[in-house]
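Counting from 1, the numbers follow the sequence of the chain as shown.
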Amino acid sequence: MQPEAVSNSPDHDGVNLDGLIACHECDALFRRVPLTKRARAHCTRCGAVLYRHLGGTDLPLALAVAGLGLFFLAHVFPFLALRVEGLEQQSLVVSGVATLWEADMPELAVLVALTSIVFPLFNLLGLLWLLVPLRLGWRPPAAAFVARMMQVLSPWSLLAVFMLGVLISFVKLVDLAAVIPGIALFAFFALIFVTTAAQASFRAEYIWPVPDASGSKAAPSDTAGTDPARYTLSPDATGASLGLEGCHVCGALNEADGLREASARDHRACRRCGAALHGMRKADSVNRCWALVLAAAVMIIPANVYPVMTVTQLGRGEPSTIISGVIQLIGAGMVGLGLIVFIASIAVPLAKLALLVYLLVSVQRRSPWSPPQRTRMYRITEVIGAWSMVDVFIVAVLAALVQLGALATIEPEIGASYFGAVVVITMFAAQAFDPRLIWDHAVRGKRR
């Protein structure tokens with residue numbers, strides 16, 4: 001389903017702003033249209049998803065409750081056990097955090113704890129905070145704050161990446177000893193799918209209903225199956241060109257003037273949900289992104305030079321860097337596993353930095369080259385960045401599980417901290433970049 005494009009008229013008189021929506025990636029402006037069941041409305045300019053069909057609250061609420069139960073099982077019962085020569089070492093999900101802390105690596109322990117435990121739990125509790133009151137018929141307190149925090153923290157909830165790290169660790173340990181999966185491992189695996197489905201089925205419109213955007217009725221005959229050219233976007237039909245600012249929490253469009261104050265810091269508040277508004281574009285986006293990209297480029301050197309862990313077997317062992325670990329895996333015949341680690345730990349960070357540098361340069365030079373393609377590049381940087389955390393999770397899992405005294409031990413090393421810093425900084429860099437700048441400059445170039 002295609003939403004209806006809006007002509008570029010600065011006159012807001014008689015226009016119902018609740019019936020409009022601005023694309024969060026290119027700022028194109030559309031009129032909302034009803035959607036059929038399981039349908040999605042896409043931006044005709046950059047292809048981003050604008051909004052989805054609005055179902056009921058029962059499904060996300062049931063999934064959130066199930067997710068909380070699975071979270072309890074995954075963190076209370078044994079996760080993995082290692083058995084060799086009559087010795088057995090059990091670990092919990094939190095064991096990797098404790099091991100990193102005891103190894104005087106608190107920065108890495110906090111990072112693993114936040115991304116694999118704290119943030120996923122917050123998202124589940126946030127869903128329950130919002131959905132339970134709605135199910136009982138009243139609006140949840142502090143709804144805008146909780147919804148905004150969920151949006152901010154969702155990219156940092158890395159359950160799937162953690163599970164990939166566990167699976168790689170499992171394969172690496174098979175030759176060393178018998179690896180026994182625990183109840184918590186299966187609960188954790190189910191938790192990934194349940195939490196993903198719960199977050200995907202949640203809509204801000206549950207809390208702040210939007211006129212003509214419920215999606216509960218089928219699309220009317222005058223919008224269903226019509227010529228897509230009817231919805232072709234005018235290059236100037238953007239929120240910024242009409243002086244409208246979109247709310248990141250509820251999606252409402254707000255006029256630049258006449259907004260009440262949100263705080264003493266002169267932040268304005270959304271007219272619908274009351275969340276703070278911070279401008280039509282991300283503040284100082286290009287400079288902040290450049291600073292983070294350069295910081296990550298500096299950090300990536302020690303991340304690959306210093307060892308990430310030391311494996312000791314029967315009193316013999318040596319430190320291992322990311323690259324040497326990949327070589328060892330391939331040399332041991334685990335070519336597929338070695339390629340996964342190479343792609344996630346080496347290729348992905350370098351590719352992400354290269355893409356961000358290209359996007360920054362293209363924006364600063366006001367490049368007219370294919371804004372849709374550059375927008376897709378930006379989406380790639382958002383998607384791939386978090387998967388580099390797999391190497392950090394591997395270190396945490398192995399260090400917690402392989403503590404068998406004289407038989408075998410694995411100790412985390414400083415390289416893992418540098419690599420964790422690279423992952424975090426590149427994720428912040430991608431979030432600092434504003435893809436709407438690509439389209440702003442493209443439109444200005446056409447005008448000239």
Side-chain angles (χ1 to χ4, degrees), residues 1-35 40-54 139 143-145 147-148 150-152 202-215 219 223 230-263 266-283 285 371 375 434-440 442-444:
M1 177 65 67
Q2 303 284 358
E4 185 176 353
V6 180
S7 63
N8 184 29
S9 171
D11 185 8
H12 296 148
D13 294 339
V15 177
N16 178 16
L17 294 183
D18 284 330
L20 305 181
I21 186 171
C23 177
H24 63 280
E25 290 191 1
C26 71
D27 203 32
L29 199 61
F30 298 94
R31 299 187 192 278
R32 288 178 177 264
V33 296
L35 299 178
R40 298 183 297 180
H42 290 265
C43 175
T44 56
R45 186 156 70 166
C46 72
V49 176
L50 298 174
Y51 58 96
R52 295 175 171 85
H53 172 266
L54 186 65
R139 180 169 293 181
F145 173 77
R148 179 58 177 159
M150 288 174 59
Q151 288 180 348
V152 171
F202 176 77
R203 304 284 185 270
E205 289 87 350
Y206 294 145
I207 310 169
W208 303 283
V210 180
D212 300 324
S214 65
T223 61
R230 174 181 177 182
Y231 303 108
T232 300
L233 181 65
S234 170
D236 293 335
T238 65
S241 67
L242 298 181
L244 299 174
E245 178 181 352
C247 175
H248 291 288
V249 177
C250 69
L253 287 172
N254 299 268
E255 295 187 18
D257 298 323
L259 293 174
R260 63 184 176 85
E261 297 296 325
S263 69
D266 199 32
H267 287 165
R268 298 168 296 160
C270 174
R271 59 184 174 81
R272 182 186 295 160
C273 69
L277 301 172
H278 303 283
M280 296 181 186
R281 297 291 181 266
K282 294 179 181 178
S285 170
T375 304
D434 195 334
R436 293 170 295 186
L437 297 175
I438 297 172
W439 296 90
D440 290 345
V443 169
R444 291 168 190 162

Provide the closest heavy-atom pair for [X] versus [Y] in the form atom of the first, atom of the second, distance.
X: Val249; Y: Ala144; result: CG1-O, 4.0 Å
X: Arg272; Y: Cys250; result: NH1-O, 3.3 Å
X: Cys46; Y: Glu25; result: SG-CB, 4.0 Å
X: Ser285; Y: Asp434; result: OG-N, 2.9 Å

Any donor-acceptor N/O pair, [X] side chain to [Y] backbone, under 3.5 Å:
X: Arg271; Y: Leu253; answer: yes
X: Arg40; Y: Leu50; answer: no
X: Asn254; Y: Cys270; answer: no

Original post:
How would you list, by chain and number, every residue that makes a side chain to side chain contact (heavy atoms under 4.5 Å, CB included) with Ala204, sequence neighbours excluded?
Top reply: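 Testing Ala204 for side chain to side chain contact (heavy atoms under 4.5 Å, CB included), a comparison that skips the adjacent residues, returns Trp208.
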**OP:** Report yes if some heavy atom in the side chain of Cys247 is under 4.5 Å from a heavy atom in the side chain of Cys273; otherwise report no.
**Re:**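 Side-chain contact under 4.5 Å: yes.
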**OP:** Check side-chain hydrogen bond (donor to acceptor under 3.5 Å, both in side chains) between Arg148 and all other residues, then give those that pass, not counting sequence neighbours.
**Re:**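 Listed in chain order: Gln151.
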Subject >> Under the side-chain hydrogen bond (donor to acceptor under 3.5 Å, both in side chains) test, residues paired with Arg281 that sit two or more places apart >> reply: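 Scan of Arg281 (side-chain hydrogen bond (donor to acceptor under 3.5 Å, both in side chains), adjacent residues dropped) gives Asp27, Asp440.
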Spacing of [X] atom [atom1] and [Y] atom [atom2] [to the nearest 0.5 Å]:
X: Glu205; Y: Arg52; atom1: CD; atom2: CZ; result: 10.5 Å
X: Thr375; Y: Arg436; atom1: OG1; atom2: CZ; result: 12.0 Å
X: Cys23; Y: Arg45; atom1: SG; atom2: CZ; result: 8.0 Å

Subject >> Arg31 and Leu20: CA distance, side-chain angles, deciding distance, side chain to side chain contact (heavy atoms under 4.5 Å, CB included) verdict >> reply: CA-CA 4 Å; Arg31 299 187 192 278; Leu20 305 181; 3.8 Å; yes
